[in-house]
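Okay, structure first, notes after.
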Amino acid sequence: MSDQQDNNSPQDENQLITLRREKLSSIRENADNGIAFPNNFKREHYSAPIHMEYGEYEREWFDENSVRVSIGGRIMLKRVMGKASFITTSDTTGRIQLFIQQARVGEDLYKDFKTWDTGDIVGASGELFKTKTGELSIRVDELRLLTKSLRPLPEKFHGLTDHEQRYRQRYLDLIMNEDSRSVFMMRSMIVSYIRNYFLQRDFLEVETPMLQTIPGGATARPFNTHHNALDIDMYLRIAPELYLKRLVVGGFDRVFEINRNFRNEGLSTRHNPEFTMIEWYQAYATYHDLMDTTEELLKGVARDVLGKTKITYQGDTFDFGKPFARMTVKESILHFNPDLTDDQLNDKENATTIAKALGIPVEDYWGLGKVQIEIFEKTVEHRLMDPTFITAYPAEVSPLARRNDDDSFVTDRFELFIGGREIGNGFSELNDAEDQAERFQKQVAEKDAGDDEAMHYDADYIRALEYGLPPTAGEGIGIDRLVMLFTDMPSIRDVILFPHMRPE
RNA sequence: GGGCCGUUAGCUCAGCCGGUAGAGCAGUUGACUUUUAAUCAAUUGGUCGAGCGUUCGAAUCGCUCACGGCCCA
């Protein structure tokens, strides 16, 4: 427990909490064997399966068939009458209504029950029946208070809508908002689908260091930390890439990792300081194979997890049924900027002029490739709505990717865009140790020139490449953004259980 | 980092050309054995995000700050 914050400070208390505390102390005094928080209740059923199995039967069916169930859940709604009450309880699967009659549970228990509050967790057993209005319910004969809740729940109809509170107190969001629960269930299903996809194709799931001495595999600012016993500075990883490729050098031809990366950058609806990526590496494959894999994988998620081929995201519809478009960086720039010509883009001075006219703050140390990519990001990226692979990224901005055989200015690399957002990034890996060493040196020069996102020189990685990395292709997909897309959530905070916020 | 918006009861929100705080839900008390956002009657509950200023008087106007949301970089 942290002693910096005291959540039970007097300011945080109010009439409602005080009263519930009084109820709890009365429960403590009167509890059987003095146990106010019993844990010997056996829950045997869940709400949703009960509805699925018995929801269709007529009222009369229940007169002739006795079905006993025993459920545990949180009281969400109370409708108390003199000698009989209805409460709606919620468990992990959904809700079910309980009918509690004084004549059945006894006068004393009924009297106690009337003092229970929404938010309390109860265990109940009884027979299924249908009410006059046809709602499948449990006619309770055994009822126990399992956990007294000390804090009042939000309003039963509007629930909890305040974004800040939903993120800071996710537990409360999950109690109140079915939609929020389903987003995170969907997230779990998507991740499972992806994991199974790779496992079924003989990929080995691995875990590589999150604490790294050289933060590599991407261009981003890392979080710094310090290892006391070794007395060395360390970094939280910005990507697992270089470790995964070391494993391919070691002979694991197909590896993948689904895990967290950390980038010390701003927060936004698309950026959380820690986020989840899947990266996979496949020896004897090319970036073309990766595009095929990606397309099959995402179509599979749409089809098998969501059950549809058209995904609606924030009012736009993206078609996962048709083949994903593929075009090069330059083709896409020319397509969305019909007034520009190929020659202009191939000339650094011209390209710089164009970039500056677009308001891009061009730095002196930028090469043509960087200028082209900035133009791409400014004018193309947000317009790529249907799933689109953009290929042929300049080598200058792709320090780990293999050069293209026909045009060494670009690499055998692509990025996947959906809904104007980058979803994935993959390429044929640079397995020429000497070329890689040169590119690292160039990155170090850029770092010296002022680009604090440029890469470090990783000598051990070069040493690994010198032993020989087979021809390999690898890709990363941002899981959070993918889940946003498939759950139609506008902010990355909506798909991360505990998004980062400034402390209260 | 910049712009716009927000912060009032536990929750959802009114009140904002300045006159001293409201509703619904939740809670409490009472009535009620088929309710379902139960109903009916009564009722408790507020450092109006924080601070400074203007004013006889500030939830309301101004400034600063904090936290958040959206958009932009």
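Source: prediction; values computed, not measured.
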Let me have RNA chain B in dot-bracket notation, would you? Count Watson-Crick plus G-U wobble pairs, both distances under 3.5 Å, and use [ ] for pairs crossing earlier ones and | for inter-strand partners. (((((((..((((.....[..)))).(((((.......))))).....(((((..]....)))))))))))).
Pick base, sugar-phosphate or nothing for [X], based on heavy-atom distances below 4.0 Å to the nucleic acid.
{"X": "A/Gly159", "result": "sugar-phosphate"}
{"X": "A/Ser491", "result": "sugar-phosphate"}
{"X": "A/Leu19", "result": "sugar-phosphate"}
{"X": "A/Thr131", "result": "base"}

Of all the choices, [options], which nucleotide is nearest to the side chain of [X] once you look at every atom?
{"X": "A/Ala103", "options": "B/U34, B/A73, B/U33", "answer": "B/U33"}
{"X": "A/Thr161", "options": "B/G27, B/U12, B/A26", "answer": "B/U12"}
{"X": "A/Phe157", "options": "B/G68, B/U34, B/A37", "answer": "B/A37"}
{"X": "A/Lys156", "options": "B/A37, B/G10, B/U12", "answer": "B/A37"}
{"X": "A/Met501", "options": "B/C25, B/G68, B/U35", "answer": "B/G68"}
{"X": "A/Arg168", "options": "B/A26, B/C67, B/G27", "answer": "B/C67"}

What about A/Gln15: does its side chain form a donor-acceptor pair under 3.5 Å with the base of B/U28?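 No, no donor-acceptor pair under 3.5 Å.
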Less than 3.5 Å between a donor and an acceptor, one on the side chain of A/Gln102 and one on the base of B/U33, is that the case here?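 Donor-acceptor pair under 3.5 Å: no.
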Taking the side chain as every heavy atom from C-beta outward, state whether A/Phe184 and A/Arg170 have any pair of such atoms under 4.5 Å apart.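 Yes, side chains in contact.
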I'd like to know if the side chain of A/Asp488 pairs up with that of A/Gln314 as donor and acceptor (distance under 3.5 Å, no hydrogens or angles considered).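 A/Asp488 vs A/Gln314: donor-acceptor pair found between side chains.
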State whether a side-chain donor-acceptor pair under 3.5 Å links A/Glu415 with A/Tyr393.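 Yes, because at least one side-chain N or O of A/Glu415 sits under 3.5 Å from a partner of the opposite role on A/Tyr393.
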NZ or CZ of A/Arg383 within 45° of A/Phe336 ring axis and under 6.0 Å: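 No; the conditions do not both hold, so A/Arg383 does not lie above the ring face of A/Phe336.
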Distances for protein N or O near nucleotides 1-9 of chain B N or O, under 3.5 Å:
none

Rounded interatomic separation in angstrom, taking CD1 from A/Ile87 and P from B/A37: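 From A/Ile87 CD1 to B/A37 P: 16 Å.
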Is the A/Phe376 to A/Phe417 ring centre distance short of 6.0 Å?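 Yes.
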Identify, between A/His163 and A/Lys114, the residue whose nearest nucleotide on RNA chain B lies closer to the 5' end.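 The residue mapped nearer the 5' terminus is A/Lys114.
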